[in-house]
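Encoded as structure tokens, the structure appears first; notes follow it.
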Amino acid sequence: MSYLHSRPQQPDEHNRIQHISPESASWEYVGFEVLTLNAGEQQQFLTEQTEVCAVIVSGKVDISTQQQHYPNLGERHSVFDNIAPFAVYAPPSETMTIKANTDAEIALCRAPATGEYPVRLITPDDCVSMVRGEGTNTRHITNIMMDNVNAEKLLITEVITPNGHWSSYPPHKHDTDALPNETALEETYYHKFSPQQGFAFQRVYTDDRSIDETICVEQNSVVMVPEGYHPVGAPHGYDLYYLNVMAGPKREWVFHNDPAHEWMLKK
């Protein structure tokens, strides 16, 4: 089993089916957790020394911090509903409480921070949607917290890749702090499928092949990308969703395409 692949677990005592920390991933910046709550359940946690963006993957929830209360957030039953998500951003040293009004799934995206920005509600209107690519490289992007919403380190987006299509393609990387040509960003991919029994393939590889892993991902899998190129292919019959969380020393997404495959962009 690849050390870059985190399979979903049964909910732990904190209702988490995924729990990735900088320590467990052997990197510095990105933390990623997924909570599954039944209607009426709630979970409280501290942001500690991190900024946290709680993305409502599905269901309806109330989210409260020490100063704010946001009731009944969430409009989609599934990530494939073609609706942008609600999210709540919180700085370090906050307490966040999430109460489920329906069965719900919430992704907690974390990165180190000092407290530059206050608690903020992110609505579907704050998100920015676009179509990227063409032909079987077409995919549908929703930027949740990219250049549309301020944060200290976090960058968050979600992508729908139609069945039979490729994504994060041509292969690109962002593992070198070398502006203006590239930035160094760790990244997680949280995968979901329609129908749920689907699967896809993600390759993570470096120029020198010190990393070269091809991973079969299934429902609720996470792939960790510490460095290298990381394309994804969705087979016929299974639409693919993934939620990306990125963070690094600079909050800019500047990527470098694999020169061996960049030719297809010039056709």
Side-chain angles (χ1 to χ4, degrees), residues 4 20-32 49-53 55 87 89 91-92 107-117 120 122 126-130 132-133 137 139 141-159 161 166-191 202-213 222-232 242-266:
L4 303 176
I20 293 162
S21 67
E23 293 75 23
S24 69
S26 298
W27 59 25
E28 293 185 55
Y29 294 96
V30 173
F32 182 75
Q49 286 78 49
T50 65
E51 58 184 355
V52 175
C53 184
V55 178
Y89 172 88
L108 303 180
C109 314
R110 292 181 180 259
T114 60
E116 250 183 85
Y117 298 101
R120 177 177 178 181
I122 301 165
D126 295 316
C127 298
V128 177
S129 297
M130 67 193 77
R132 189 173 295 152
N137 198 37
R139 60 270 199 203
I141 317 294
T142 300
N143 287 338
I144 301 167
M145 184 180 279
M146 298 292 283
D147 56 5
N148 56 312
V149 175
N150 287 328
E152 291 188 52
K153 297 292 186 187
L154 281 172
L155 293 161
I156 305 169
T157 190
E158 59 181 17
V159 179
T161 305
W166 284 83
S167 198
S168 295
Y169 191 81
H172 69 262
K173 72 180 183 77
H174 36 73
D175 59 16
T176 304
D177 190 5
L179 279 172
N181 299 313
E182 187 177 350
T183 50
L185 296 167
E186 303 160 355
E187 185 168 21
T188 53
Y189 277 67
Y190 178 54
H191 294 277
Q202 181 157 24
R203 185 184 181 197
V204 182
Y205 67 98
T206 56
D207 287 311
D208 64 3
R209 301 304 192 265
S210 58
I211 297 176
D212 193 355
E213 300 273 353
V222 173
V223 171
M224 291 161 278
V225 184
E227 60 179 310
Y229 308 98
H230 40 276
V232 185
Y242 54 78
L243 177 66
N244 285 139
V245 182
M246 295 179 281
K250 295 183 176 68
R251 190 180 183 262
E252 294 185 65
W253 182 56
V254 182
F255 60 86
H256 169 75
N257 290 317
D258 186 340
H261 305 295
E262 193 171 34
W263 62 267
M264 67 188 69
L265 295 174
K266 302 171 183 176

Are side-chain heavy atoms of D126 and R120 found at a separation under 4.5 Å?
yes
What are the two closest heavy atoms between A184 and P249, and how far apart are they?
O-CD, 3.3 Å
Just to verify, what does Y242 make a side chain to side chain donor-acceptor pair (under 3.5 Å) with, not counting sequence neighbours?
S167, S168
Sorted by chain and residue number, the side chain to side chain donor-acceptor pair (under 3.5 Å) partners of E158 (sequence neighbours excluded) come out as R76, Y241
Nearest atoms (heavy-atom pairs only) where L154 meets C109
CD1-O, 3.4 Å
Are the side chains of T161 and V232 in contact, using a 4.5 Å heavy-atom criterion?
no
Distance col, row D258:CG vs Y205:OH, nearest 0.5 angstrom, shows 3.5 Å
Keeping N148 on the side-chain end and N143 on the backbone end, is there a donor-acceptor pair under 3.5 Å?
yes
Using 0.5 Å steps for rounding, measure from the OG1 atom of T188 to the CG atom of L4.
12.5 Å
Side-chain heavy atoms of V245 within contact of V55, under 4.5 Å
no
Those residues that, when tested against N150, pass side chain to side chain donor-acceptor pair (under 3.5 Å) (two or more places apart)
none
Side-chain donor-acceptor pair present, E152, T114, cut-off under 3.5 Å:
yes
Can you tell me how far CE of M224 sits from OG of S26, rounded to the nearest 0.5 angstrom?
9.0 Å
For R251, check salt bridge (charged side-chain N to carboxylate O under 4.0 Å, His left out) against everything at least two apart and list the hits.
none
Does Q49 have more than 12 heavy atoms from other residues, nucleotides or ligands lying within 6.0 Å of its CD?
no
Minimum heavy-atom distance between C53 and A87, given as atom pair plus value
SG-CB, 3.8 Å
Side chain E186, main chain E28, donor-acceptor under 3.5 Å:
yes
Is a side-chain N or O of T176 found less than 3.5 angstrom from the main chain of E182, in a donor-acceptor match?
no
When you check the side-chain N and O atoms of Y229 and N257, is any donor under 3.5 Å from an acceptor?
no
With the side chain counted from C-beta on, respond yes when M145 and I122 share a heavy-atom pair under 4.5 Å apart, and no when they do not.
yes
How about E187 and N244: do any of their side-chain heavy atoms sit closer than 4.5 Å?
yes
A side-chain contact here means heavy atoms from C-beta on lying under 4.5 Å apart; do I144 and V149 qualify?
no
Mind checking whether P226 and D175 have side chains closer than 4.5 Å, heavy atoms only?
no
Between the side chain of T157 and the main-chain N/O of T142, is any donor-acceptor distance below 3.5 Å?
yes
Please work out which of the three classes, parallel, tilted or perpendicular, describes the rings of Y189 and H191, given edges at 30° and 60°.
parallel
Closest approach of A111 and A247, non-hydrogen atoms and distance?
CB-CB, 3.8 Å
Between Y169 and N137, which heavy-atom pair has the shortest distance, and what is it?
O-ND2, 3.0 Å
Identify, with sequence neighbours excluded, every residue that meets ring-ring contact (aromatic ring centres under 6.0 Å, His included) alongside H172.
H174, H230, F255
Please report the interatomic distance CD1(I20) to OH(Y190), rounded to the nearest 0.5 Å.
10.5 Å
Taking the side chain as everything from C-beta on, heavy atoms only, tell me whether P112 gets closer than 4.5 Å to Y29.
yes
State, to 0.1 Å, how close R132 and M130 come at their nearest heavy-atom pair, and which atoms those are.
NH2-SD, 3.5 Å
Test ring-ring contact (aromatic ring centres under 6.0 Å, His included) applied to Y117 - qualifying residues, sequence neighbours left out:
none
